[in-house]
Amino acid sequence: MNQNPTKHTKVLIIGSGPAGYTAAVYAARAMLNPILVHGMEPGGQLTTTTDVENYPGFAKVIQGPWLMDQMKDQAKAVGTEMIEDHISSVNFKSKPFEAIGESGKKYTADTIIISTGAQARWLNLESEKKFRGFGVSACATCDGFFFKEKTVAVIGGGNAAVEEAMFLTKFASKVKLIHRRDKLRAEKMLQKKLMDNKKIEIIWDSVVEEIVGDDDPKNVKGLKIKNVKNNNISELKIDGLFIAIGHDPATQLFKDQLKMDKEGYLITKPDSTETNIPGIFAAGDVKDKIFRQAVTAAGMGCMAALEAEKYLAG
């Protein structure tokens, strides 16, 4: 008997998170019996966020991992089949579409919703891993609120870094923007706004060597930074650190099959989640580098499921 039979579904959802789970809820309620394939750590970036205060419907602070568990349970309750597997290859060139899991299982589908998300780029320092979620963050809109009247640093030199720095001035008393070069990549208009802001200080030609802080309770106290021109190490007193050196969408799997932009984000039609291949949809951070919020990802998951339903009916 074949240990790895082919599983067929009308709707295959690759990836979890707010986009995947919401797509699953809508597809299941449309009686499409979706299969959602998720990796070892389902729930996406929200599982690395502790306090969530901006998801509609919750007056009190909720926890990111809890919200993802709720969405997962909801998708299951209405009839989604959840499978833990890692999709290692896809074939969108013929129908039904095919996805092969690392388990050896083959999934075939009439429509596919891609919600594989994105990952923030990190500095990959041991000390950064240690304080992640305890003063080190990759999302100012998520965590800026916790640094009222404190001193924070932002790392990066592109639009994202400048926007994060500007946003943080709403809360922090002082924002230090640390950039490894002597000029920013950000748009000129943004740069001007940044330079005009009295709360922001730019530290040029510098990289973070180490994040310094307490162990119990864990909190960030400062940074060791190195000047790349003269190799001088200096210490900086800060209460929080925001990494803004970009995100990478999880789209390696779809190279040469789906249209993407130069950064690897999937391109969809205007006001739609449909990719360049009819029947294949993309929702959440895998296609959205502008908003990147749980609520917008969930909204796109809903759109993708409704578009998949309409496609199947057609």
Side-chain angles (χ1 to χ4, degrees), residues 2-28 30 32-45 72 75 80-119 247-269 272-289 297 300-312 314:
N2 185 356
Q3 286 305 104
N4 296 313
T6 298
K7 277 187 93 83
H8 182 75
T9 178
K10 293 190 184 99
V11 183
L12 175 66
I13 301 164
I14 304 175
S16 48
Y21 290 147
T22 307
V25 167
Y26 275 83
L32 297 172
N33 304 322
I35 290 176
L36 184 148
V37 176
H38 62 78
M40 281 174 55
E41 294 172 356
Q45 292 177 87
K72 185 181 186 183
T80 305
E81 185 180 351
M82 301 267 176
I83 298 175
E84 184 185 313
D85 195 355
H86 186 80
I87 301 296
S88 50
S89 69
V90 292
N91 180 7
F92 298 158
K93 302 219 180 348
S94 55
K95 290 199 174 127
F97 304 121
E98 284 179 5
I100 312 283
E102 268 175 11
S103 64
K105 214 177 241 143
K106 184 184 196 178
Y107 306 88
T108 61
D110 301 323
T111 64
I112 291 184
I113 296 171
I114 297 166
S115 52
T116 46
Q119 286 93 33
H247 283 74
D248 293 310
T251 53
Q252 277 303 108
L253 190 55
F254 314 111
K255 286 254 187 304
D256 308 323
Q257 304 222 35
L258 293 175
K259 275 196 183 132
M260 38 185 91
D261 70 10
K262 60 181 192 300
E263 292 167 83
Y265 288 86
L266 296 179
I267 295 169
T268 57
K269 294 178 178 163
S272 165
T273 62
E274 190 169 67
T275 64
N276 60 300
I277 297 180
I280 295 186
F281 306 91
D285 285 18
V286 78
K287 65 137 283 179
D288 166 32
K289 57 182 167 189
M300 278 180 256
C302 162
M303 287 164 66
L306 295 176
E307 287 188 290
E309 182 187 11
K310 192 174 169 190
Y311 173 88
L312 291 165

Taking [X] for the side chain and [Y] for the main chain, is one N or O donor matched with an acceptor at less than 3.5 Å?
X      : Y      : value
Asp85  : Ser103 : yes
Ser115 : Ala282 : no
Thr273 : Ala283 : no
Thr80  : Met82  : no
Thr116 : Ala250 : yes

Query raised in the report: Should we say atom NZ of Lys93 is surrounded by more than 12 heavy atoms from elsewhere, each under 6.0 Å from it?
Result: yes

On a heavy-atom basis, which atom in [X] and which in [Y] lie closest, and how many Å separate them?
X      : Y     : answer
Tyr21  : Pro42 : OH-CB, 3.3 Å
Thr9   : Leu32 : OG1-O, 4.4 Å
Ile113 : Ala23 : CD1-CB, 4.0 Å
Pro34  : Ala24 : CG-O, 3.8 Å
Gly43  : Ser16 : N-OG, 2.8 Å

Requested in this report: State which residues pass side-chain contact (heavy atoms from CB on, under 4.5 Å) with Pro96; sequence neighbours excluded, sorted by chain then number.
Outcome: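 His8, Thr108, Asp110.
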
Report task. State which residues pass salt bridge (charged side-chain N to carboxylate O under 4.0 Å, His left out) with Glu307; sequence neighbours excluded, sorted by chain then number. Result ->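 Not a single residue meets the salt bridge (charged side-chain N to carboxylate O under 4.0 Å, His left out) criterion with Glu307.
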
Report task. Not counting sequence neighbours, which residues clear salt bridge (charged side-chain N to carboxylate O under 4.0 Å, His left out) with Glu309? List them please. Result -> none

I need the [X] [atom1] to [Y] [atom2] distance, nearest 0.5 Å.
X      : Y      : atom1 : atom2 : answer
Lys287 : Thr275 : NZ    : OG1   : 11.0 Å
Phe254 : Ile112 : CZ    : CD1   : 8.0 Å
Lys106 : Thr6   : NZ    : OG1   : 5.0 Å
Met300 : Asp288 : CE    : CG    : 4.0 Å
Glu274 : Thr268 : CD    : OG1   : 9.5 Å
Ile100 : Ser89  : CD1   : OG    : 5.0 Å

Mind listing the side-chain donor-acceptor pairs of residues 256-264 below 3.5 Å, one per line with the distance, residues two or more places apart or on another chain?
residue	atom	partner	partner atom	Å
Gln257	OE1	Phe92	N	2.9
Gln257	NE2	Val90	O	2.5
Asp261	OD1	Glu263	N	2.9
Asp261	OD1	Gly264	N	2.9
Asp261	OD1	Tyr265	N	2.9
Asp261	OD2	Lys289	NZ	2.6
Glu263	OE2	Lys289	NZ	2.7

Within the 4.5 Å heavy-atom criterion, are [X] and [Y] side-chain neighbours or not?
X      : Y      : result
Tyr107 : Ile14  : no
Asn276 : Ile267 : no
Met40  : Glu84  : yes

Report summary line: With sequence neighbours left out, the residues meeting side chain to side chain donor-acceptor pair (under 3.5 Å) with Glu41 are none

Query raised in the report: If you look only at pairs with a residue in residues 6-15, which of them pass as a salt bridge (charged side-chain N to carboxylate O under 4.0 Å, His left out), with sequence neighbours excluded?
Result: Lys7-Glu81

